[in-house]
Asks: 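Right, I'll just put the structure down here and ask away after.
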Amino acid sequence: MPSEFDLIQRHFSRPVRHTLLGVGDDAALLRPDAGAEMAVSTDMLLEGRHFAKGAAPRLLGHKALAVNLSDMAAMGATPRWATLALALPEADEAWLGAFATGFHALAARYEVDLVGGDTTRGPLSICVTIFGEVPAGLALMRGGARPGDDIWVSGELGGAALALQGGGGNAVARRLHQPEPRVELGERLRGIAHAAIDVSDGFAQDLGHILARSGAGALVHYALLPKVACEDAGLQQRCVLAGGDDYELVFTAPQAARRDIEALSAALRLALTRVGSIQSGEAKLQVLDAQGKPLAVPRGYDHFA
Ligand code: ADP
Ligand code: MG
C-alpha cells in the first residue's frame, strides 16, 4: 500500500511556476504582486450531493478547480494558487491519477499553482480553495450595479441543467461535467463592468444576489436570453432561468461600455448578450415574455430550501 505521503508526492506535488514554497512543508509561502488585492474563495464537491457515485475522476478533477476559477472570474481576479482538501474512502491509485490529470490540466491552462492541501480517509469529498490577485480597487463585486446599467450574460444559459435531466446531447453534457470558467472575460471586465456574479445556482437567483447587494431592480427580456436549444419550451424556461451549474458570468455595465463589450466578445470569441437593464427601486427581478407580460420566475438551487 502506498503511504499518504507517496500519494501526495505522486499525484499532487508539481513544480510551481510563481510560488516561493509549494507542497511539502507545513504551509505554502505565497507572494502576491505589490499593489494587488488577494481574492480568496472555497468550493466543496460532495459525492451524492454535487456528483453521483462513480462519477469520472478526471472530470471531477476538472470541475473541482473550474468552479473555483469561476469565482475568481466573477471577481475580475486572476487565479494564481489553489489548495486541495481531499477525503477518499480508499487509496485508489487509478482514481487519484485520473483526478489529478483533470485537475492539473486545467491548472496548467491558467498557470495556477497547487500549493498544498490535506488528504484523509473518509466519504469522497473534494474541497478546493483558490487564491487570486486583482489590482487594488478593481475587483468586480455584486454590489456595484447602478440604475440604467445594461445586464449582460456570457455564453448560453440552461445547458448544465438540461444535461442533468438527460437532455441536450454531448455538447450540453460537457457543460455540466466540464464547465469552462470565464477567467479571461472576468479579467477583461475590470474597469468596464460595475458588478458581476457567476451563474452557479441559476440566472434568476444569481442576478437576484446582484440586485440585493446593489439595492436596485432589474428588467430582463426572456426572448433576449441566450438559451440552450430545447424543444420543450417549459423545460427550456426552467433550465434557463433557474438551472444551476452553467458558470457563465452575469454582469452589469454602463451603456457607454457597449462598444467595448462587443469588441471584447469578438476578441474572446465568446457570445456576450445584452438581456435587460438595472432599474431604480426595490431589489426585484422582472422577466418579461415576448408580449411584455411578466413571467413567473422559478427559484434556483438552494441546499437548505
Ligand atoms: P501537515 O501534517 O503539516 O498538515 P500533511 O501531511 O497533511 O501536512 O501534508 C504534507 C504536505 O502535502 C503539505 O505541504 C500539504 O499542504 C501537502 N498536501 C497534502 N494533501 C495534499 C493534496 N491533496 N493536494 C496538494 N497538497 C497536499
Ligand atoms: Mg495535513
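One-based numbering, in listed order, for ligands and for the atoms of each.
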Asks: Which of the numbered atoms in ligand 1 are below 4.0 angstrom from a heavy atom of Phe5?
Replies: 6 (O)
Asks: Take the angle between the ring planes of Phe12 and His104 and call it parallel below 30°, perpendicular above 60°, tilted in between.
Replies: tilted
Asks: Any atoms of ligand 1 less than 4.0 Å from a non-hydrogen atom of Asp26? List them with their elements.
Replies: 3 (O)
Asks: Would you call Glu111 and Arg17 a salt bridge, taking side-chain N to carboxylate O under 4.0 Å as the test?
Replies: no
Asks: Is a salt bridge present between Lys63 and Asp245, judged by a nitrogen-to-oxygen distance below 4.0 Å?
Replies: yes
Asks: Check each atom of ligand 1 against the heavy atoms of Thr119 and keep those under 4.0 Å away; list them by number with element.
Replies: 19 (C), 20 (N), 21 (C), 22 (C), 23 (N)
Asks: Any Lys/Arg nitrogen of Arg121 or Glu90 sitting under 4.0 Å from an Asp/Glu carboxylate oxygen of the other?
Replies: no
Asks: Under a 4.0 angstrom heavy-atom cut-off, which atoms of ligand 1 come close to Asp118?
Replies: 7 (O), 19 (C), 20 (N), 21 (C), 23 (N)
Asks: Any ion pair linking Asp150 and Arg258 (charged N to carboxylate O, less than 4.0 Å)?
Replies: yes
Asks: Counting only nitrogen or oxygen atoms and a 3.5 angstrom limit, does Gly117 reach ligand 1?
Replies: yes
Asks: Regarding Glu248 and Arg175, does a basic nitrogen lie under 4.0 Å from an acidic carboxylate oxygen?
Replies: no
Asks: N/O of Gly24 under 3.5 Å from N/O of ligand 1, yes or no?
Replies: yes
Asks: Using heavy-atom distances only, which candidate in Leu96, Asp25, Leu7 approaches atom 14 (O) of ligand 1 most closely?
Replies: Asp25
Asks: Who gets closest to atom 19 (C) of ligand 1 by heavy atom: Thr120, Thr83, Ile8, Leu86?
Replies: Ile8
